[in-house]
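The structure under discussion appears below in the form of structure tokens.
Positions are given from 1, in the same order as the sequence printed here.
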Amino acid sequence: MKKIIALMAIFAIFIGTTTAQDLSEILENYYEVNGQDKLSEVKTITITGKIFQMGSEFSFTRIGMRPDKFRLEADIMGQKMIQAFNGTDAWMIAPWMGSTDPQDIPADQLKPMKKEADFDGVLFKYEEKGITLEYEGIEDVEGSDAHKIKATYEDGDEVSIFIDAENFVMLKMEQLLPSMMGGEALTETFMSNYKMVDGMAVAYSIETKVQGQVTAQIKIETVEYDTEVDESIFERPAKK
């Protein structure tokens, strides 16, 4: 019996070591394919494209700056919507709410916005960010085998990331987010149509589903790295 218990313990250690090693190899392949070494040197990124939502089409521009600033502008029915985060302060301008003055981002949107501002994403230098990763095996993502990795933040939030088992690009992210109807809803973001831009892989098509229903589609048109950006655009403007 003691021998069996000892063998089981050794087997458990072996499995744990293999899983950790597999995760490390998956991440290294992911960093290499996606050009993480080049991305680490990038200071700004400017993306333009179209958002298709609820039967409407909107143009947008998204500007990111290291370490954790971003600004999103979208032309919606002839009015400009702005969301911005400067690393500490998050604000928005939504004219259809009756004012062109900057407003606080709603509390239920603040946490995901702060995470979105992470220039390198959840998988790079995750330990420094207090994130724990767990490898959960292979799953099917729309006909492709994908490595499933669960990321747990210090605040307890969890997100599952699916990395293509052959090409090592990100295929999907899924997490439970606050629902407009109350409670939480499963939100899935699918990435596809990857193109290389200056040695870095970029998904030019992004689709979001909530509880299995498509809620938004994004088509990227241009991606530019290290264009000159005025840092003041991330700061909350004074009220008029």
Taking all heavy atoms of M191 and all of T189, pick out the closest pair and write down the distance.
SD-O, 3.5 Å
Have a look at N86 and tell me which of E235, R236, K69 forms a side-chain hydrogen bond (donor to acceptor under 3.5 Å, both in side chains) with it.
E235
pair F58-D75: side-chain heavy atoms closer than 4.5 Å:
no
Aromatic F190 / basic K209 pairing, under 6.0 angstrom, 45° off normal:
yes
Could you give me the CA-CA distance, side-chain angles and deciding distance for I105 and F85, then say whether side chain to side chain contact (heavy atoms under 4.5 Å, CB included) is met?
CA-CA 9 Å; I105 293 290; F85 181 63; over 6 Å; no
I'd like to check M170 versus Y194 (side-chain heavy atoms, cut-off strictly below 4.5 Å). Are they in contact?
yes
Looking at Q211, I want to see if its CD is surrounded by more than 12 non-hydrogen atoms of other residues, nucleotides or ligands under 6.0 Å.
yes
Test item: D145 and E166 side chains (from C-beta on) under 4.5 Å apart, heavy atoms
no
Is the shortest distance from a Lys or Arg side-chain nitrogen in K172 or E139 to a carboxylate oxygen in the other one below 4.0 Å?
no
Shortest non-hydrogen contact from G87 toward D68:
CA-OD1, 3.5 Å
Work out which heavy atom in E41 is nearest to a heavy atom in K43; give both atom names and the distance.
O-NZ, 3.3 Å
Note: A84 and M113 closest approach over all heavy atoms is O-SD, 4.1 Å
Considering only heavy atoms from C-beta outward, does the side chain of M200 approach that of V42 to under 4.5 Å?
yes
Assess the side chains of T208 and T215: does a donor N or O sit below 3.5 Å from an acceptor N or O?
no
Is it true that K115 and D155 make a salt bridge, defined as a side-chain N closer than 4.0 Å to a carboxylate O?
yes
State whether the number of non-hydrogen atoms from other residues, nucleotides or ligands found under 6.0 Å of M196 atom CE is greater than 12.
yes
Let's go through T132 and T152 carefully: what are the C-alpha distance in whole Å and the side-chain angles of both, what is the deciding distance for side chain to side chain donor-acceptor pair (under 3.5 Å) to 0.1 Å, and is it a yes or a no?
CA-CA 5 Å; T132 302; T152 304; 6.0 Å; no
For K129 and F124, which heavy atoms make the closest approach, and how far apart are they?
NZ-O, 2.8 Å
Would you say F52 and M77 are hydrophobically clustered, going by side-chain heavy atoms of ILVMFWY under 4.5 Å?
no
Of all heavy-atom pairs linking A238 and P102, the shortest is O-CD, 4.4 Å
Worked verdict on L123 versus L27 for side chain to side chain contact (heavy atoms under 4.5 Å, CB included)
CA-CA 8 Å; L123 295 178; L27 293 177; 4.2 Å; yes
Classify the ring geometry between H147 and F168 as parallel (under 30°), tilted (30 to 60°) or perpendicular (over 60°).
parallel
Identify the residue among R66, K38, K125 that makes a salt bridge (charged side-chain N to carboxylate O under 4.0 Å, His left out) with D120.
R66
